[in-house]
Amino acid sequence: MEIAWKTILGHEETIARLRALRAEGRLPHALLFYGPEGVGKLRVARALAAELLCDGEGARPCGVCRQCRSLLQDAHPDYYEIHPEGKTAKSTKMIKIETIRAMEADVERAPLQANQRVVVIDDAEKMNEAAENSLLKTLEEPKGAVHFILVTRARSSLLDTIRSRCMNVGFGGIPEAALAEALALRGISQDLAAELAALSDGSFGRALALYEGGGLTLRDDAASFLMQLSSFTVKQVFERGATMESWPREKLMEWFLYLGMLLRDLLVLSEDGASPLLYHKDLRERLAACLPAFPLPRIEALLVLVRAMNRRLLANVNQRLLLEGFFLRAMEA
């Protein structure tokens, strides 16, 4: 895995604070990293874990000591990285109590190679209730030398008692200019890099996913739907429902994410047509042209529908019926 601090984009003040606490021996045994998806929380957690385990001379992680070499090879016996698992869609995978208990049994024992153990729990909000309660007991009464780093995009989904046992560390989005520069360094044209940075809401991970996964095509499809909504017909409702029914749930959720961002841009434009705060700056003229069809109450009603769809897509529902219902309600909004 990647462990070097220099490879992390942004968060300079947060990183400096964490490293100072580590160097002074004042880093709490439990940390909670929270913030938007794709902004680098997990990368910071891994680099901090490497710094804690490193026993090299000088700046840490050194990258050459036994501890660092083991981490780079994903083979360190005292480092644990836990992720949601299961055979269901990514959005519904969970961290189960069995996984937490197995980790807890290990960290109660003496470290095998380093002078401590480090546990990183990614997507911590996806622990089930039993897993959270088990982890809470360990956080309250840690046994042995161990640091826990919980990573989440939904801090409010975690138990209050877990949040209170951790040092909470917030991560914001990466500045748009820095994001565009980092994308350009990957060989992406400056114009496209700027567009991707504007659409990614400060998330480098989302910007790359947009570039590599055809996200702009999904965005453009959502924009096309929105701009045609005033002339939408019942026939089109059923045609779209049939087309989108077979999409993976993650793709559907991304489509609705873009639709929500487009509606947010309409809100901004309704207040200030020259505002620089648009997500979709390249669509400014097209969005402005359709503003007469979207008075403020309609935009707000559509945003409510989109938020409701995002919740319902997480449940085990008939996607076609859900989509058709949304399109019919959107026509009436």
Q: Using the ring of each side chain (for Trp, its six-membered ring), is F33 parallel, tilted or perpendicular to F171, with breaks at 30° and 60°?
A: tilted
Q: Can you check whether G35's main-chain N or O pairs, donor with acceptor, with K41's side chain at less than 3.5 Å?
A: yes
Q: Taking the side chain from R163 and the backbone from N168, do they hold a donor-acceptor pair closer than 3.5 Å?
A: no
Q: Starting from the C-alpha separation in whole Å, work towards a yes-or-no answer on salt bridge (Lys or Arg N to Asp or Glu O under 4.0 Å) for R165 and E140.
A: CA-CA 7 Å; R165 297 298 185 278; E140 289 174 337; 2.9 Å; yes
Q: Write down the atom of G170, the atom of T14, and the distance for their closest heavy-atom approach.
A: O-OG1, 4.0 Å
Q: Does a sphere of radius 6.0 Å around CD in E181 hold more than 12 heavy atoms from other residues, nucleotides or ligands, not counting ones at 6.0 Å or beyond?
A: no
Q: Spell out, as yes or no, whether a donor-acceptor pair under 3.5 Å connects the side chain of R153 to the backbone of P36.
A: no
Q: Kindly compute the distance separating OG (S157) from CG (D123), expressed to the nearest 0.5 Å.
A: 11.0 Å
Q: With a 4.5 Å limit on heavy-atom distance, are the side chains of E132 and I95 in contact?
A: no
Q: Verify, without hydrogens or angle tests, whether E51 (side chain) and R22 (backbone) share a donor-acceptor contact under 3.5 angstrom.
A: no
Q: Kindly work out whether a path of hydrophobic side-chain contacts (I/L/V/M/F/W/Y, heavy atoms less than 4.5 Å apart) joins V169 to V118.
A: yes
Q: Assign the ring pair W255 / W247 to parallel, tilted or perpendicular, where the plane angle (0 to 90°) is split at 30° and 60°.
A: perpendicular
Q: Membership question, hydrophobic clusters at under 4.5 Å side-chain separation (ILVMFWY): are F148 and M167 in the same one?
A: no
Q: Quick one: closest heavy-atom pair of P77 and L112, and the distance?
A: CB-CD1, 3.8 Å
Q: Is the closest side-chain heavy-atom distance between L53 and Q116 below 4.5 Å?
A: yes
Q: Which heavy atom in R249 sits nearest to a heavy atom in L313, and how many Å separate them?
A: CD-O, 2.6 Å
Q: So with a 6.0 Å cut-off around CD of E24, is the heavy-atom count from everything else above 12?
A: yes
Q: How far apart are the closest heavy atoms of L9 and A182, and which atoms are they?
A: CD2-CB, 3.7 Å
Q: Out of curiosity, T217 OG1 to D221 CG, how far, rounded to the nearest 0.5 Å?
A: 9.0 Å
Q: Checking L208 against R186 for the side chain to side chain contact (heavy atoms under 4.5 Å, CB included) test, could you report, in this order, the C-alpha distance in whole Å, the side-chain angles of both residues, the deciding distance, and whether it holds?
A: CA-CA 10 Å; L208 287 180; R186 288 180 170 248; 3.8 Å; yes
Q: Is it true that atom CD of Q190 has more than 12 heavy atoms of other residues, nucleotides or ligands lying nearer than 6.0 Å?
A: no
Q: Between D78 and A114 (side chain of the first, backbone of the second, donor and acceptor by atom type, cut-off under 3.5 Å), is there such a pair?
A: yes
Q: Is R101 atom CZ crowded by more than 12 heavy atoms from other residues, nucleotides or ligands, each under 6.0 Å away?
A: no
Q: Assigning hydrophobic clusters by single linkage (Ile, Leu, Val, Met, Phe, Trp, Tyr; side-chain heavy-atom cutoff under 4.5 Å), is V146 placed with L27?
A: no
Q: Do you know which two heavy atoms are closest between I15 and I8, and how far apart they sit?
A: CD1-CG2, 4.0 Å
Q: Side-chain heavy atoms under 4.5 angstrom apart, residues restricted to Ile, Leu, Val, Met, Phe, Trp, Tyr: same cluster for L21 and V119?
A: no
Q: Would you confirm whether R219, through its side chain, and L262, through its main-chain N or O, come within 3.5 Å as a donor-acceptor pair?
A: no
Q: Any carboxylate oxygen within less than 4.0 angstrom of a Lys/Arg side-chain nitrogen, looking at E2 and R43?
A: no
Q: Are the side chain of S134 and the backbone of A131 linked by a donor-acceptor contact shorter than 3.5 Å?
A: no
Q: Are the side chains of V120 and Y79 in contact, using a 4.5 Å heavy-atom criterion?
A: yes
Q: A side-chain contact here means heavy atoms from C-beta on lying under 4.5 Å apart; do W5 and R19 qualify?
A: yes
Q: Are L302 and L229 close enough that some pair of their side-chain heavy atoms sits under 4.5 Å apart?
A: yes
Q: Roughly how far, to the nearest 0.5 Å, is the CZ atom of R46 from the CG atom of L71?
A: 10.5 Å
Q: What is the distance from atom CD1 of I162 to atom CG of L135, rounded to the nearest 0.5 Å?
A: 5.0 Å
Q: If only atom types and distance count, is the side chain of Q236 paired as donor or acceptor with the main-chain N or O of T233 below 3.5 Å?
A: yes
Q: Look at the rings of F225 and F326 and say which category their plane angle falls in: under 30° parallel, 30 to 60° tilted, over 60° perpendicular.
A: tilted
Q: Measure from the ring center of F327 to the ring center of F238 and say whether it is less than 6.0 Å.
A: no
Q: Quick check: closest heavy atoms across S270 and L267, and the distance to 0.1 Å?
A: OG-O, 2.6 Å
Q: Determine whether V237 and L323 make a side-chain contact, defined as any pair of heavy atoms from C-beta on separated by less than 4.5 Å.
A: no
Q: Are L136 and V151 linked, directly or through intermediate hydrophobic residues, by side-chain heavy-atom contacts shorter than 4.5 Å (ILVMFWY only)?
A: no
Q: Below 4.5 Å, heavy atoms only, C-beta onward: do M103 and D106 meet side chain to side chain?
A: no
Q: Okay, side chain of H11, backbone of V39: is any donor-acceptor separation there less than 3.5 Å?
A: yes
Q: Can you check side-chain hydrogen bond (donor to acceptor under 3.5 Å, both in side chains) on E81 and H83, steps first, answer last?
A: CA-CA 7 Å; E81 189 169 301; H83 298 270; 2.8 Å; yes
Q: Looking at CG of L287 and CG of L266, how far apart are the two atoms once the value is rounded to the nearest 0.5 Å?
A: 5.0 Å
Q: Could you state the interatomic distance from CG (L291) to CG (L269), rounded to the nearest 0.5 Å?
A: 5.5 Å
Q: Measuring only between side-chain heavy atoms, which start at C-beta, is I121 closer than 4.5 Å to I100?
A: yes
Q: Using atom types as modelled and distance alone, determine if a side-chain donor or acceptor of R298 lies under 3.5 Å from a backbone N or O of A333.
A: yes
Q: Would you call E324-R320 a salt bridge at under 4.0 Å N-O?
A: yes
Q: Test side chain to side chain contact (heavy atoms under 4.5 Å, CB included) on E176 and L179; report intermediate values, then the result.
A: CA-CA 5 Å; E176 192 172 308; L179 200 51; 5.6 Å; no
